[in-house]
Structure formats: structure tokens, C-alpha cells
Amino acid sequence: MKIVDAKVIVTCPGRNFVTLKIQTDQGLHGIGDATLNGRELSVASYLTDHIIPCLIGRDASQIEDIWQYLYRGAYWRRGPVTMSAIAAVDTALWDIKAKFCNQPLYQLLGGKCRDGVMVYGHANGSDLEETLDEVGRYIEMGYHAIRVQSGVPGLNSTYGVSKNKMYYEPADANLPSENIWSTEKYLSFTPRLFDKVRERYGFDKRLLHDVHHRLTPIEAGRLGKSLEDYQLFWMEDPTPAENQQAFRLIRQHTTTPIAVGEVFNTIYDCQQLIQEQLIDYIRMTVVHSGGISHLRKIASLAELYQVRTGSHGATDLSPACMGAALHFDISIPNFGIQEYMRHTQETDEVFPHSYSFKNGYLYPGDAPGIGVDIDENLAKKYPYKPAYLPVNRLEDGSMHNW
Ligand code: CS2
Ligand code: MG
């Protein structure tokens, strides 16, 4: 089965998405998400200008060989742009292969290890009271796991708090907006937040929290220790993870489980974290980690060290990524949880899909392939719009981590 055509579709149904569509000589096509929030056009160009010319005429069934060709052949290995582009090719080729076999993709990945994929939703509020109410709303919607993010008293903005409570879109301006951060205000408020959530809703729901790279290792150890009484499912991205051994310091001070990895893009970014069991969940997902082929290798390494998956699933990852991720999630033995930030209705219309939500779980459905497609005519109605993620400064003006 030969690749005869491939194209990149950039569309903005409320936010920008980049999708690769590969066409074969047997009339089958496959799609893959290539969206990198704030750098979408870099990946679109990497695919159009550097990868697609090398794909035409290749055998679409040779997924691993094409992956190795694109990874080794780039010479300049790794990085979010390169690995998102490779991910899109890999996902589209798995989509094609499963359609060729007329099977949902999970059947080609070893079949189901579980009936459904437990997800977590995003309760957030501008202050403690609104956040408490939002947690209640997510419980009513049937979620068993809820991420809790709140505005911090004394700060005008912080990560994870959105105007629209159902759809969190962090890329909020056509040039980076500037947020102000105070670790002191955050560290003194956050334990109180979780104390109130547990006081009102008890302990049977899984609570998660995203620190979003903002603490030093010892501050993260302090936060983790201060949250132990509230039994979090995980504390996410407690400190920037380029220095993997920094997590040894956090581990010395707290048993609060740690999740890291949404900004990683190859197995080398997490190898030490997994092998030294410095984390409990690996957050990498299909679109930014080289696709299904590479993510499966990461999950296998993690399985050896009892590290579970907890894949990223923000609104800036398209339904094509979510669809592929659900087939991955349902087929691996060491699945932990799947993030599920809902997409807008207009996004769901551009990307018709077979996955569905019920009682706190997502189900991939049994459509052949990844169970997601793109409506090219509808996609044309939403032209690309420049949008950047914010930057973050401390109160004294020095740059920090957003
Ligand atoms: C966040 C993301 O979902 C998460 O855990 O870290 O919302 C992240 O901020 C965005 O994907 C960045 O584009
Ligand atoms: Mg995160």
C-alpha cells in the first residue's frame, strides 16, 4: 500500500489545530494530530517542507521503518517540533493500518486491558468558593477524578483558571500576555484549598493538582508534604524537569504522588525519572512524543518500574490525539488516568469522532482506525489565528515559568 499524497490542514475552530492527512493508493487515508500550542506553524512547515516530500511513494504499512527514517534521518534529533511532526505521521499510519484491517486501533495494540478509560476533568475557579462549587459540578457530571485549580489570593492571574469553565484555553493573545506569580502566596493558599475541598466532598474522589513547573525542588517537597493529609492522586509538574535528578530532593520530603511529562518528547526526557522511580505517572501523550510507536516504548519502560501513564489531554491537543490516545490507554497494562479537557462544539464538528464520555470514563468506540476524522470543508471555515501562551514573571519582574 503506497503513500500517494499527504497534506497539512491548519484550522482554528476556537483554537488552532494542525492535522496531517495521508492518502494511500488503495483509497484509505489516515490522520494525525500535529498541534503544538503557540508554535503550530513550525510543525506545519516541518511536515509540508521537510517530511511530506520524503513520504510520497513509501509503503504505508512500514510504520516503524518510517519512524526510524524520520527520527534518524533528521540528524537534528528530538525536540517538540520534530517529534510532533513525526507523531502525526506515525498516528496517521496506524490509523491507515487499522482501517486496512477493518479494526479499531486498540485491537492491533494487543486488545483491551480494561472496559473504559478513567478520565479527570478540570474544576477551576477565580477564588476558593467558586472552585469548591466547580468541584461539585464535576462530581454531578459523573467524574471520579477532578483536577482542582484556583485563583490565588493576591494574584491577578494564575495557571488553570478560565473564564469559560468547560473549556480552558491558555493561548490567550496574539502576542504573549504577561502573568505575575508569587510562590509565597501560592504555598500558603494551596493547602487551605484542598482542606476545604476534602471538608466539603470527603475522600472518595481522586483529586489532582497542576503546579505547572513553578516551584524549586525543595518548595515542591514542602508543598507535597503540606498536601499529604488530603491524599492527592497526583501533584503535577512540581518543578521544571530538565534536571531529572532534582526530583530526588522532592522524593526525600513527600509521598504525594508526582506526575510529569507533558512537555517531554522522547523516552530520554523521562528515562532517569522512571528508572529511579522519581515519578509515579508519566504524562507524555501521542501528539508530542513521536506518536503511538514511541509512546508504547515509554509505557513499556514505565511498566518495569511500576510507573503508570497519565497522558496529557488539554484542549490544545486535537480530537485526533484524544482518539489515538484512548486506543493506547485502553490497551496498555500500566494505564493510570487520562486527562480530558473537553473541546468546543465547533471543534467536535470539525473532527467527527467515535469516542464518548459516560460516568467518568471515555470509550474509544469500535470504528476502524483511531475513530476520528477531519471535515476538510468545515475546517476551511476557520482560518489560522496567531495565538501565544502567556509568559510568567515574579512580582519583582524577573522571568519565571508559566
Ligand atoms: C496543562 C496544559 O493540561 C495540563 O496539564 O499543563 O493545559 C498546558 O498548560 C497546555 O497544554 C499548554 O498548551
Ligand atoms: Mg499540566
Side-chain angles (χ1 to χ4, degrees), residues 12 14-18 33-43 80-81 83-84 87 119-124 138 143 145-150 157-173 176-177 179 181 186 190 206-215 220 223 232-241 257-265 269-270 273 279-289 309-319 321-322 325 336-344 347 362 385-392 400-402:
C12 187
R15 62 145 293 106
N16 294 309
F17 294 110
V18 180
D33 186 15
T35 306
L36 185 64
N37 201 356
R39 297 296 184 272
E40 291 86 357
L41 297 187
S42 307
V43 187
V81 174
M83 299 314 291
S84 297
V119 295
Y120 68 89
H122 281 213
N124 69 82
Y138 272 81
Y143 285 85
I146 298 157
R147 191 184 82 167
V148 181
Q149 305 292 140
S150 172
S157 62
T158 189
Y159 165 71
V161 179
S162 58
K163 299 177 194 70
N164 180 323
K165 295 303 159 204
M166 280 311 285
Y167 313 105
Y168 175 56
E169 178 42 71
D172 60 1
S177 56
N179 291 181
W181 175 253
Y186 169 77
T190 303
R206 295 164 172 81
L207 297 183
L208 302 86
H209 182 65
D210 194 346
V211 187
H212 221 260
H213 322 279
R214 298 185 178 199
L215 302 180
L223 175 68
L232 264 61
F233 183 82
W234 79 35
M235 165 174 76
E236 177 184 343
D237 283 332
T239 195
I258 297 173
V260 172
E262 68 182 47
V263 297
F264 294 169
N265 48 79
D269 295 330
C270 59
L273 289 169
I279 60 172
D280 303 278
Y281 298 91
I282 183 66
R283 292 265 297 140
M284 298 170 82
T285 193
V286 173
V287 60
H288 299 137
S289 315
T309 65
S311 288
H312 190 201
T315 34
D316 45 281
L317 285 54
S318 90
C321 177
M322 181 54 81
I337 200 164
Q338 168 66 51
E339 178 176 10
Y340 179 41
M341 270 196 203
R342 291 170 188 248
H343 290 107
T344 61
T347 297
L362 276 176
K385 251 167 46 192
Y388 279 77
L389 286 169
V391 297
N392 207 15
H400 196 57
N401 310 307
W402 176 75

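Counting convention: from 1, in listed order, for ligands and their atoms alike. Bear in mind the structure is a predicted one, so any value in this text is a computation, not a measurement.
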> Of the options F233, Y340, W234, which is the one that meets Y120 in a ring-ring contact (aromatic ring centres under 6.0 Å, His included)?
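Testing Y120 for a ring-ring contact (aromatic ring centres under 6.0 Å, His included) against F233, Y340, W234 leaves exactly one candidate, W234.
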> Without swapping roles, check the side chain of Q149 against the backbone of D210 for a donor-acceptor pair under 3.5 Å.
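Such a contact is found between Q149 side chain and D210 backbone.
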> For ligand 1, is there an N or O atom under 3.5 Å from any N or O atom of D210?
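Yes: some nitrogen or oxygen of D210 is under 3.5 Å from one in ligand 1.
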> Starting from atom 9 (O) of ligand 1, what is the nearest protein heavy atom, named by residue and atom, and what distance separates them?
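The closest heavy atom on the protein side is H212 NE2, 2.8 Å.
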> Using distance alone, determine whether Y120 and ligand 1 share an N or O pair under 3.5 Å.
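No.
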> Answer yes or no: does an N/O atom from H312 fall short of 3.5 Å to an N/O atom of ligand 1?
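Yes - when backbone and side-chain N and O of H312 are compared with those of ligand 1, one distance drops under 3.5 Å.
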> Please check if any side-chain donor atom of K165 sits under 3.5 Å from a side-chain acceptor atom of N124, or the reverse.
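N124 and K165 do have a side-chain donor-acceptor pair below 3.5 Å.
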> Looking at atom 1 (C) of ligand 1, what's its closest protein heavy atom, distance included?
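Atom 1 (C) of ligand 1 sits closest to the protein heavy atom Y159 OH, 2.8 Å.
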> Considering heavy atoms of the protein only, find what lies nearest to atom 12 (C) of ligand 1 and give residue, atom and distance to 0.1 Å.
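Checked against all protein heavy atoms, atom 12 (C) of ligand 1 sits closest to D316 OD2, 3.9 Å.
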> Calculate the angle formed at the Mg ion (ligand 2) by OE2 in E236 and OD2 in D210; 10° precision is enough.
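The OE2/OD2 angle about the Mg ion (ligand 2) sits at 100°.
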> Can you check which of H213, R15, R283 brings a heavy atom nearest to atom 5 (O) of ligand 1?
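Minimum heavy-atom distance to atom 5 (O) of ligand 1 goes to R283.
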> With heavy-atom distances below 4.5 Å as the criterion, would you say the side chains of W181 and N401 are in contact?
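The answer is no, as the side chains (C-beta and beyond) never meet within the 4.5 Å cut-off.
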> Do we get R283 above Y281's six-membered ring, with its NZ or CZ under 6.0 Å from the centre and within 45° of the axis?
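Ring-cation test returns no.
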> Taking distance alone, with no angle check, do E262 and ligand 1 share an N/O pair under 3.5 Å?
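Min N/O separation from ligand 1 is below 3.5 Å for E262.
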> Distance to 0.1 Å, residue and atom name: give those for the protein heavy atom nearest to atom 3 (O) of ligand 1.
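The answer is E339 OE2, 2.4 Å.
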